[in-house]
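All of these numbers come straight from a predicted model, not from anything done at the bench. Sequence lines set the chain letters: A, B, ... in the order given, protein chains first and strands last, and positions in each chain run from 1.
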Protein chains: 2
Amino acid sequence: MTTTSMKDVARAAGVSVGTVSNVLNRPEAVAEETRTRVQAAIAELGYVRNDSARQLRAGRSRTVAVVVLDVANPFFTDVVRGAEPLIESAGGVVTVCDSGEDVRRERRHLEILEEQRVLGLLITPVDDTSASWIERLSGHDIPLVLVDRGAGRHPHCSVAVDDVHGGRLAARHLADRGHARIAFVGGPSSIPQVADRFAGCREVCEERGVALEVFTTAGLNFAAGREAVEQMLGLEERPTAMFCANDLVALGALQALTMHGVKVPQECAIIGYDDIDFAAAAAVPLSSIRQPRAQLGRTAAQLLFDEIGEGAGHTHRNVVFQPELIARASTAQES
Amino acid sequence: MTTTSMKDVARAAGVSVGTVSNVLNRPEAVAEETRTRVQAAIAELGYVRNDSARQLRAGRSRTVAVVVLDVANPFFTDVVRGAEPLIESAGGVVTVCDSGEDVRRERRHLEILEEQRVLGLLITPVDDTSASWIERLSGHDIPLVLVDRGAGRHPHCSVAVDDVHGGRLAARHLADRGHARIAFVGGPSSIPQVADRFAGCREVCEERGVALEVFTTAGLNFAAGREAVEQMLGLEERPTAMFCANDLVALGALQALTMHGVKVPQECAIIGYDDIDFAAAAAVPLSSIRQPRAQLGRTAAQLLFDEIGEGAGHTHRNVVFQPELIARASTAQES
DNA sequence: CAGACTTTTTGAATCGATTCATGAAGGGAT
DNA sequence: ATCCCTTCATGAATCGATTCAAAAAGTCTG
């Protein structure tokens, strides 16, 4: 075949393969004259390194994989954006895997990543059944950092946002606004983030005597929000406010409400979660719980490289950020 | 190290490495009894195939890379979603690379992908200077399909949407609505999609005697739309409508106009491009030019595998889809 | 039971880059 | 001329899976 290997370059430049390798990896160890001759041959032949061979020898790839629940969710793209600079400046290559909130897809990704002997992993697990697979990778010496998921009992580094507290913030805000009957929209409840946000919400509702209606959805996207609204509008005693497990769900709900002529916030207030860029631009600017998305990614990457650098003597760190309430029109005071 | 190789499995099962390989790749060629013994050993040792070694031997990886201008743009995530099922069902692995509309980033990705000997490539090139790099890959026998970019003079398969026509649709719609002075917002103009959409728009404006103001932006995102509006509001003779090169720009513009108390569509109409999900959910539901996003991806993947399958005797195909006007509130009749 | 097949298993060769012990060449200093 | 150092270049060994010609083990026939 036409693929040129180092051997071809070596022959063309009249040197050994070892020297060609040195030109590529430690150019300072090669005499000026030889180096330029080899580089000329490389250019001449259009030689391109074969990464598989390199990896095989090295035993590891340079790839850091980021496994997220939904690439179409701006929350995750921002997390990835936050992680990228650090990874790339460390000579790594970023690859993004979308589990689509599906354990099977997640597992397939993990299998492939393990076969690829990736350098490390930043992962937001789909749910608790992911744990055994994650332990497996970890047991095979693939360092990983859990993202947006307090490690809790898992022996790993992690970065997370206090979702229980975020849930409290949202519920408290709605209670302060005088809502006595609210809806929680999100799911599946196996997703830890959903469960935590709900937990915080319920805690406050009980404390403040607010009635809580739960709409469990199949996913955390536009369609889920729309469907939940359809269901809710059928009720005789309708909640006066909704707390959606993320902004996509909230935007879907907002759209459906608007379509049905329900005024937001007058007839139904909405608060989302994540504060993605679209939230502020929505039909009615959306109140939300902001998470430090980019910083989450950046810190995760940092922890990963710390772990890689420290090797065996590494002790895991768990970083928790606090969320912040961003109040906008969608929960403006009823008056 | 702890990494177990096929040799270890072979020893544990009391067979040769060739047999282990067969169990993994052509199980039907191995006697039942031997097969189960080997599989037991694999499970026992927690053996995981080393993909680098496999690829080295095979000469090619199973990865199909999709190089997009902006992963945070729902347009592209939808294109990727459209391509994925076909790629995965063909045994491929999808990897998404974000060029961020930056030729240098794009080039770095292409270098890495070439070193990885990827199976194929779906790419939306940043601009025409990308061409030489693309030819290089192609010359090294990496099949590729241009996405959202009429191949024109390039000898490649491609799927595209007729952007010039899309530009016409938008401009015609605004002209029909009685606008006599409109703004085109988008950039950089080196991006072919931007240039085409503009070309169609200008054509119609000249034909219909509509004054056209151009705001060239540095990118196609939220911030670009906001900045363009700031600029526009400074003008003494302000356009009565904006055609934004994509929906993200349009949503940014919409947000900025609303913040400045400019009524949409009464004081300034807006039409975007792509018709992403967020468009319909915007502050004022956004008129847009719809592209068949998922189908674009699906068809691209199809063409790629056709090319891989047909090998040398392959003739390139260029598929062009037609865009469609979606009129919503942001361009509702002035009355 | 020899001979002719068929079914399984073997193990050496191969892919291409990296590494490293070894040696060659060049430069001073004596 | 000899010895010691430094600077460069060499090429065989290695990583782990796949492939395939050839050997081994089984099956069937007459």
Give every pair of a protein N or O atom and an N or O atom of nucleotides 22-24 of chain D that lie under 3.5 Å apart, one pair per line with the distance.
none

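- Applying side-chain contact (heavy atoms from CB on, under 4.5 Å) to A/Glu101 and the options A/Leu220, A/Asn221, A/Asn73 leaves one that passes, A/Leu220.
- Within residues 38-49 of chain B, the residues having any heavy atom under 4.0 Å from DNA chain D are, by residue number, B/Tyr47, B/Arg49.
- Per the geometry, CD belonging to A/Gln116 stands 17 Å off C1' belonging to D/dC15, to the nearest Å.
- As a whole-Å value, the separation of B/Asn50 CG from C/dT14 P is 21 Å.
- Atoms OG and CD, on A/Ser52 and B/Gln116 in that order, are 8.0 Å from each other to the nearest 0.5 Å.
- In this entry the distance linking CG of A/Leu24 with P of C/dT19 reads 12 Å, nearest Å.
- At a threshold of 4.0 angstrom between heavy atoms, the contacts of A/Ser21 include nucleobase atoms, whether or not backbone atoms are also involved.
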Intermediate values then yes/no, salt bridge (charged side-chain N to carboxylate O under 4.0 Å, His left out), A/Asp70 and B/Arg81:
CA-CA 11 Å; A/Asp70 177 11; B/Arg81 288 257 163 86; 2.9 Å; yes
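- Take B/Val96 and apply the side-chain contact (heavy atoms from CB on, under 4.5 Å) test, not counting sequence neighbours, and it matches B/Val68, B/Val71, B/Val80, B/Val94.
- The CZ-C1' distance, from B/Arg57 to D/dT18, rounds to 5 Å in whole Å.
- Taking atom CE of residue B/Met6 and atom P of nucleotide C/dT10, one finds them 12 Å apart after rounding to whole Å.
- Every residue was checked against the salt bridge (charged side-chain N to carboxylate O under 4.0 Å, His left out) condition with B/Glu44, not counting sequence neighbours, and none meets it.
- Here salt bridge (charged side-chain N to carboxylate O under 4.0 Å, His left out) pairs that include residues 108-123 of chain B, with residues two or more places apart or in two chains, are A/Arg49-B/Glu115, A/Arg62-B/Glu115, B/Arg107-B/Glu111, B/Glu114-B/Arg136.
- Checked options B/Ile142, B/Val118, B/Thr63, B/Leu144; the residue passing with B/Leu113 is B/Val118 (criterion: side-chain contact (heavy atoms from CB on, under 4.5 Å)).
- In this structure, the helix from C/dC1-D/dG30 to C/dT30-D/dA1 shows an angle of 50° between the axis at its start and the axis at its end, each fitted on 5 base pairs and rounded to 10°.
- Partners of B/Arg11 under the salt bridge (charged side-chain N to carboxylate O under 4.0 Å, His left out) rule, at least two apart in sequence or in another chain, are B/Asp8.
- Taking only side-chain nitrogens and oxygens, B/Asn25 comes nearer than 4.0 Å to OP1 or OP2 of D/dT18.
- With sequence neighbours excluded, the residues satisfying salt bridge (charged side-chain N to carboxylate O under 4.0 Å, His left out) with B/Asp306 are B/Arg317.
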With side-chain contact (heavy atoms from CB on, under 4.5 Å) as the test, would you mind laying out the steps for A/Leu119 and A/Ile308 before giving the verdict?
CA-CA 8 Å; A/Leu119 185 56; A/Ile308 292 174; 3.9 Å; yes
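- Here A/Glu135 pairs with nothing under the salt bridge (charged side-chain N to carboxylate O under 4.0 Å, His left out) rule; sequence neighbours left out.
- Contacts classified as salt bridge (charged side-chain N to carboxylate O under 4.0 Å, His left out) and involving residues 12-33 of chain A (residues at least two apart or in different chains) are given here: A/Glu33-A/Arg37.
- Counting to the nearest Å, the P atom of C/dC15 and the CD atom of A/Gln55 are 19 Å from each other.
- Between B/Arg26 atom CZ and C/dT7 atom P there is a gap of 14 Å when expressed in whole angstrom units.
- In this view, A/Ser130 and A/Glu106 satisfy the side chain to side chain donor-acceptor pair (under 3.5 Å) rule, not counting sequence neighbours.
- In this model, no side-chain donor or acceptor of B/Arg54 finds a partner on the base of D/dT18 within 3.5 Å.
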Tabulate protein N/O versus nucleotide N/O from nucleotides 5-10 of chain D, keeping only pairs under 3.5 Å, one per line.
residue : atom : partner : partner atom : Å
D/dA9   : OP1  : A/Thr34 : OG1          : 2.1
D/dA9   : OP2  : A/Ala31 : N            : 3.2
D/dT10  : OP2  : A/Ser16 : N            : 2.9
D/dT10  : OP2  : A/Ser16 : OG           : 3.2
D/dT10  : OP2  : A/Thr19 : OG1          : 2.7

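- Across B/Cys157 and B/His316, no two heavy atoms sit closer than the pair N-ND1, 3.4 Å.
- As a whole-Å value, the separation of A/Asp51 CG from D/dC15 C1' is 14 Å.
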